[in-house]
Amino acid sequence: MAKRIDVSGLTAYYGSHKAIDDISMTVEPRSVTAFIGPSGCGKSTFLRTLNRMHEVTTGGRVEGKVLLDDEDLYGQGVDPVAVRRTIGMVFQRPNPFPTMSIFDNVAAGLKLNGSYKKSELGDVVEKSLKGANLWNEVKDRLNKPGSGLSGGQQQRLCIARAIAVEPQVLLMDEPCSALDPISTLAIEDLIGELKERFTIVIVTHNMQQAARVSDRTAFFNLSAVGQPGRLIEIDDTERIFSNPSVQATEDYISGRFG
Amino acid sequence: MDISTQDAPVPPPAPAPSLEQKRASRGATRPGDRVFLGLSRGSGILLLVIMAAIAGFLTYRAALAISEDEANFLTSFEWDANGTPPKFGIAVLAYGTVISSVIAMVIAVPISVGIALFITHYAPRRLGGVISYVIDLLAAVPSIVYGLWGALVLVPHLNGLYGWLDDYLGWTGVFEWQGGAARSLFTVGILLAIMILPIVTNVSREVFRQSPQMIEEAALALGATRWEVIRMSVLPFGRSGVISASMLGLGRALGETMAVATVLSPSFLINASLLDPGGGTFAQNIASKFGEATPVGRDALIASGLVLFVITLLVNGAARAIIARRKEYSGANA
Ligand SMILES: Nc1ncnc2c1ncn2[C@@H]1O[C@H](COP(=O)(O)OP(=O)(O)O)[C@@H](O)[C@H]1O
Ligand SMILES: [Mg+2]
């Protein structure tokens with residue numbers, strides 16, 4: 001259920017503005033890769049090129065290759081809708097469907113796929129909510145709207161919604177930045193469990209979080225405001241935080257950099 | 001401006017002039033505020049008094065007419081309010097008003113929602129702007145022009161549609177056509193649909209435009225197609241707004257006068273078929289009869305106008321109830 005991501009020479013634009021330039025990296029299956037770097041260096045943009053969400057923004061354009069195992073996501077005839085069904089995404093601000101119940105939120109992806117049996121739906125919802133460590137808190141109110149939950153619960157609901165369709169990869173864009181420390185801890189624990197089954201890529205502003213949850217860390221930077229962001233280095237998290245090979249990384253991690 | 005500071009305790013006089021200024025700027029006792037308060041309160045009360053006076057007057061005149069009515073005011077098919085004794089009932093008018101407006105809604109709402117979705121979620125920005133502009137132009141056309149266009153252009157061109165409806169749906173009775181001029185409630189409904197299209201489209205467009213980006217992205221990221229995004233996030237979010245938009249359109253359709261009077265060939269009959277000429281609406285009936293009405297006849301028309309008012313109120317109340325019913329699921333708390 002988990003696949004390798006192979007990115008080579010990836011450049012992304014917003015209209016004529018080049019947001020990220022020539023990024024190449026490999027993400028191993030069943031691992032957690034953290035993206036760190038200053039604001040505006042293109043972490044979100046890069047993450048969104050991995051499930052072809054970048055192109056839904058007006059002017060969004062991508063050059064380069066993203067291989068999922070051996071299939072090029074940007075190859076000819078590849079349907080972006082199909083790509084997004086195999087690569088799940090969790091956003092910075094929790095965004096459950098406000099007009100749907102908790103149950104329907106989790107089932108939403110399955111219903112889109114159309115490949116489910118009515119009788120199985122309940123089981124999948126339960127399994128996904130358990131997978132997101134939310135089941136015990138919501139099992140008595142599955143028919144209540146998801147927007148009635150706390151922020152941390154809503155974010156776990158969004159994770160449940162994403163994993164219900166058994167994606168190959170799970171992308172998370174600062175999933176804890178809108179949450180309190182306890183909810184953050186709950187999500188970090190969850191990430192540790194989910195990596196047994198999924199390939200996970202997480203953007204985070206929080207160094208400790210990157211150090212706690214990830215196996216590999218990628219540091220992005222930009223030379224000046226308005227310049228495209230670049231990948232500075234990617235390495236084992238332990239190494240990045242103890243002995244990075246690039247000086248800029250060390251400066252950033254030790255807080256000697258903006 | 002926060003009027004509640006009116007009663008806030010006045011802070012002790014401060015020696016420093018800067019604090020003095022601060023107190024003044026809070027506006028607790030400034031004469032300007034008192035004048036403003038008096039004016040706004042006064043105009044609010046005046047509005048209520050005027051409303052009550054109008055309602056009282058109309059109700060009084062209507063009651064006069066109804067007390068002289070020799071026929072059943074609610075169920076009679078007759079309208080002889082100028083006769084002695086006066087005999088009149090609103091059944092035909094109520095039916096015609098409601099039916100023509102329902103036809104207009106059935107035609108206009110889906111088309112309007114479709115256009116609004118196209119403008120906000122499918123069309124390139126420039127094309128959307130052009131379409132919006134054309135629809136704004138439609139909204140600016142006076143209703144008598146719609147009426148003339150309806151009578152001179154629409155009516156003669158509807159024979160084909162009427163024949164087709166008669167061929168395929170004539171067996172229901174509702175769409176049976178005798179072959180006369182298309183000056184029926186059905187034509188009125190089509191014309192009203194065209195007339196309310198701009199307002200329903202414009203309001204729906206603004207609602208859809210505000211559909212939250214992050215919810216649409218949630219659907220996209222799950223692998224929703226564009227139409228599925230609309231079904232999962234745009235339409236549920238816009239639901240109450242579309243209902244409000246439809247109610248605005250319905251309000252206009254129910255009360256439309258000149259266009260209906262120009263197109264319909266009226267009669268005090270309820271036809272089984274929507275395509276037969278005849279029938280009438282409240283507003284059209286008032287417009288065509290007011291000029292030559294006797295005093296009692298006028299009061300009778302006023303009474304019919306009050307019924308239209310009540311119907312409009314009921315429709316609005318129903319719409320509010322529909323919107324309130326699923327409030328906790330509304331997009332508002334997204
Ligand atoms: N929707 C957008 N339209 C135009 N430019 C954008 C958009 N989103 C982001 N950008 C630009 O792309 C660059 C990278 O932004 P982003 O990927 O959000 O960075 P990060 O997530 O690392 O803070 C920035 O220069 C930003 O201004
Ligand atoms: Mg970001």
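Chain letters run A, B, ... following the sequence lines, proteins first, then strands; residues in each count from 1.
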Specify the closest pair of heavy atoms between [X] and [Y], including all atoms of both residues, with the distance to one decimal.
X	Y	result
B:Met214	A:Pro94	CE-O, 3.3 Å
A:Thr99	B:Pro236	OG1-CB, 3.2 Å
B:Ala218	A:Phe91	CA-CE1, 4.1 Å

Using heavy-atom distances under 4.5 Å, tell me whether [X] contacts chain B through its side chain, its backbone, both, or neither.
X	value
A:Leu171	neither
A:Pro80	neither
A:Val81	both

Review point. So does A:Arg48 pair up with B:Glu217, basic N to acidic O under 4.0 Å?
Key: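 A salt bridge is present here (some side-chain N lies under 4.0 Å from a carboxylate O).
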
Exercise for review: Before accepting this row, confirm whether a basic side-chain N of the pair A:Arg85/B:Glu228 lies closer than 4.0 Å to the acidic partner's carboxylate O.
Suggested key: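 Result for this pair is yes, salt bridge flagged.
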
Review point. Any idea which of A:Arg52, A:Arg84, A:Lys111 has the most non-hydrogen atom pairs under 4.5 angstrom with chain B?
Key: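 Answer, by heavy-atom pair count under 4.5 Å with chain B: A:Arg84.
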
Practice item. Check whether more than 12 heavy atoms from other residues, nucleotides or ligands sit under 6.0 Å from atom CZ of B:Arg320, and answer yes or no. Key: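 Not more than 12 within 6.0 Å, no.
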
Review point. Does atom CZ of B:Phe118 have more than 12 heavy-atom neighbours from other groups under 6.0 Å away?
Key: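 More than 12 within 6.0 Å, yes.
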
Practice item. Working to the nearest 0.5 Å, report the span between OG1 of B:Thr225 and CG of A:Leu112. Key: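 One finds 7.5 Å between OG1 of B:Thr225 and CG of A:Leu112.
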
